[in-house]
Amino acid sequence: EVQLVESGGGLVQAGGSLRLSCAASGLTFDDYAIGWFRQAPGKEREGVSSISSSAGSTYYVDSVKGQFTISSDNAKNTVYLQMNSLKPEDTAVYYCAAGLVTIATMTHGSYYGMDYWGKGTLVTVSS
């Protein structure tokens with residue numbers, strides 16, 4: 001059974017930092033791209049960042065470039081999202097998801113081909 005478990009969310013003041021973790025199990029890590037997504041109240045879910053370790057590629061939606069950094073620890077089957085200089089508009093439930101590296105895509109916040117999803121972790125940024 002594939003499982004993705006997010007952790008690291010919480011309440012932080014504007015300008016602060018958080019590091020989210022996504023621990024994956026039940027899949028061959030190198031075969032999958034792992035993405036981070038967020039959904040703010042009343043808004044659609046958007047793709048924030050993704051990483052494919054086997055392809056050596058990363059993606060960031062324009063709104064988080066220079067602010068968020070995605071990385072992976074293949075030995076731990078874990079992907080991280082380091083979020084710095086957080087703003088109230090970053091408040092959302094953050095999800096990670098996995099899709100086959102040959103199929104999954106993410107561009108301009110849209111995404112396709114994510115097969116497995118975590119339950120999400122809430123990030124709240126206070127002003």
* To the nearest 0.5 Å, what is the distance between OG (Ser49) and OH (Tyr80)? -> 15.0 Å

* Asked: Does one hydrophobic cluster hold both Val64 and Tyr111, with members joined at side-chain heavy-atom distances below 4.5 Å?
  -> yes

Using atom types as modelled, flag every donor-acceptor pair under 3.5 Å from a side chain in residues 10-35 to any protein atom, sequence neighbours excluded.
residue : atom : partner : partner atom : Å
Ser17   : OG   : Asn84   : OD1          : 3.0
Asp30   : OD1  : Asn74   : ND2          : 3.4

* Structure fact -> One should read off an interatomic distance between Ile70 CD1 and Cys96 SG, to the nearest 0.5 angstrom, of 9.5 Å

* Structure fact -> Rounded to the nearest 0.5 Å, the CE atom of Met106 sits from the OG atom of Ser52 at a distance of 12.0 Å

* Pairs touching residues 35-44 that satisfy side chain to side chain donor-acceptor pair (under 3.5 Å), sequence neighbours left out -> Arg38-Glu46, Arg38-Asp90, Arg38-Tyr94

* Asked: Under a single-linkage definition using a 4.5 Å side-chain heavy-atom cutoff for Ile, Leu, Val, Met, Phe, Trp and Tyr, are Val5 and Val93 assigned to the same hydrophobic cluster?
  -> no

* For residues Tyr59 and Thr107, report the shortest heavy-atom separation together with the two atoms involved. => OH-C, 3.3 Å

* Asked: Mind checking whether Tyr60 and Thr69 have side chains closer than 4.5 Å, heavy atoms only?
  -> yes

* Should Leu100 and Ile51 be regarded as members of a common hydrophobic cluster, given that ILVMFWY residues are connected when their side-chain heavy atoms come within less than 4.5 Å of each other, either directly or indirectly? -> yes

* **Distance (rounded to the nearest 0.5 Å) between Met114 CE and Thr105 OG1** => 7.5 Å

* To do: Flag the pair Val2 / Trp117 as yes when at least one side-chain heavy-atom distance between them is below 4.5 Å, and no otherwise.
  => no

